[in-house]
2 protein chains.
Amino acid sequence: MAKTAPKTRKTVRTPPVTTAALARLRDAGLRPTRQRIALAALLFDGHPYGRHVTAEMLFDEARKRGARVSLATVYNTLNQFTEAGLLRELVVDPGTSHFDTNMGDHHHLYFEDSGELRDVDAGGIEIKGLPATPRGAEVARVDVIVRLRRR
Amino acid sequence: MAKTAPKTRKTVRTPPVTTAALARLRDAGLRPTRQRIALAALLFDGHPYGRHVTAEMLFDEARKRGARVSLATVYNTLNQFTEAGLLRELVVDPGTSHFDTNMGDHHHLYFEDSGELRDVDAGGIEIKGLPATPRGAEVARVDVIVRLRRR
DNA sequence: TCAATAGATTAGAATTATTCTAACTAAAGA
DNA sequence: TCTTTAGTTAGAATAATTCTAATCTATTGA
Ligand SMILES: [Mn+2]
Ligand SMILES: [Mn+2]
Ligand SMILES: [Zn+2]
Ligand SMILES: [Zn+2]
């Protein structure tokens, strides 16, 4: 519309896009850079039940959506998000790490043929008979992975 | 002792060392080569409760004991043993595969600080509330990994 | 608003785990 | 013993990930 520059320019400020992604970064104490915002949006926006991605998957997705981001940054970001408690790392597969946006207490179904990971809420699960936690140690996490194959 | 060669040489045959390792290879239908025998002996002999190794660990151990074996053969052998049902592959750690000689139904304590893996017999463990196996799929295995860190 | 600065991004090199290749060697069977 | 088949090997290749060092950018204090 306005092709002519205004005589007196109002202060140019970053638009107050308080997206969920942006808020998440702020809360985590991470500088909201373009690429972190883009990656956080891909990871979290519109995925109420969480998602599971590899670095390569997220990188390809970001590129397809036109984000200018390098693979190194995707790795950096996934690791930072994990450290910040925004993600958890899953190791189900020799060779590649998966990252999980679902931070709730849950376990996984892993379809070995397709590589698909499906969440299983821990709410309905009870594990009885685990040994006492060795002294000097504390439980960081209990992972249950049900490995499935095509029958 | 005998520095002089015998007049009539008896047929030189491989000594009939029917070790456990050798028997295991035969049963699995694997040719009992020097390196497979050496690796099987390291993996299985004198380890009634099983052991957990990486390729690199087993390679170093074999070398220390004077076995002439390459790292490629260690990888080949671990994969063959796994396919043959003599080992199972464990993935607990991003970056490296571990191989487990305990083929009984069991789970693991994983000490994240030291990398130690400790077995937990599945006999005393009950997991309730897992979802029904999706149709078209069957459960290949259920892995429970209790991840511990120094308190 | 702007310059200074701490922090982030990047391409490409480096590293690590693993597999592949293709030449060599050993086990099996006749 | 001979022939055949399978296994071993060094080194190259590949894949995932991290590192390096140069460049860029978000933040902040003036
Ligand atoms: Mn995968
Ligand atoms: Mn390890
Ligand atoms: Zn999940
Ligand atoms: Zn075990």
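So you know, we letter chains A, B, ... as the sequences are listed, proteins then strands, and number each from 1.
As rounded to whole Å, 15 Å separates atom C1' of D/dT17 from atom CG of A/L58. Atom CZ of A/F59 is separated from atom C1' of D/dA15 by 15 Å (rounded to the nearest Å). We find that CD of B/E83 is positioned 11 Å from P of C/dT19, with the value rounded to whole Å. Here the C1' atom of nucleotide D/dA6 and the CZ atom of B/R26 are 15 Å apart, to the nearest Å. Protein atom CD1 of A/I37 is 14 Å distant from nucleotide atom P of D/dT25, rounded to whole Å.
Heavy-atom contacts from other residues, nucleotides or ligands closer than 6.0 Å to CZ of A/R63 number more than 12. Atom CD of B/E116 sits in a crowded spot, with more than 12 heavy atoms from other residues, nucleotides or ligands closer than 6.0 Å.
For the atom pair CG of A/L39 and CZ of A/F81, the computed distance is 6.5 Å after rounding to the nearest 0.5 Å. Residue B/L58 holds its CG atom at 5.0 Å from CG of B/L43, rounded to the nearest 0.5 Å.
In this structure, B/H106 and B/H52 have tilted ring planes: the angle between them lies in the 30° to 60° band.
Side chain to side chain, B/D143 and B/H107 fail the donor-acceptor criterion of an N or O pair below 3.5 Å.
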Q: Mark up nucleotides 9-18 of chain C, 5' to 3', with B wherever a protein heavy atom is under 4.0 angstrom from a base atom, S wherever such an atom reaches only the sugar-phosphate, and - elsewhere.
A: SBS-----SS

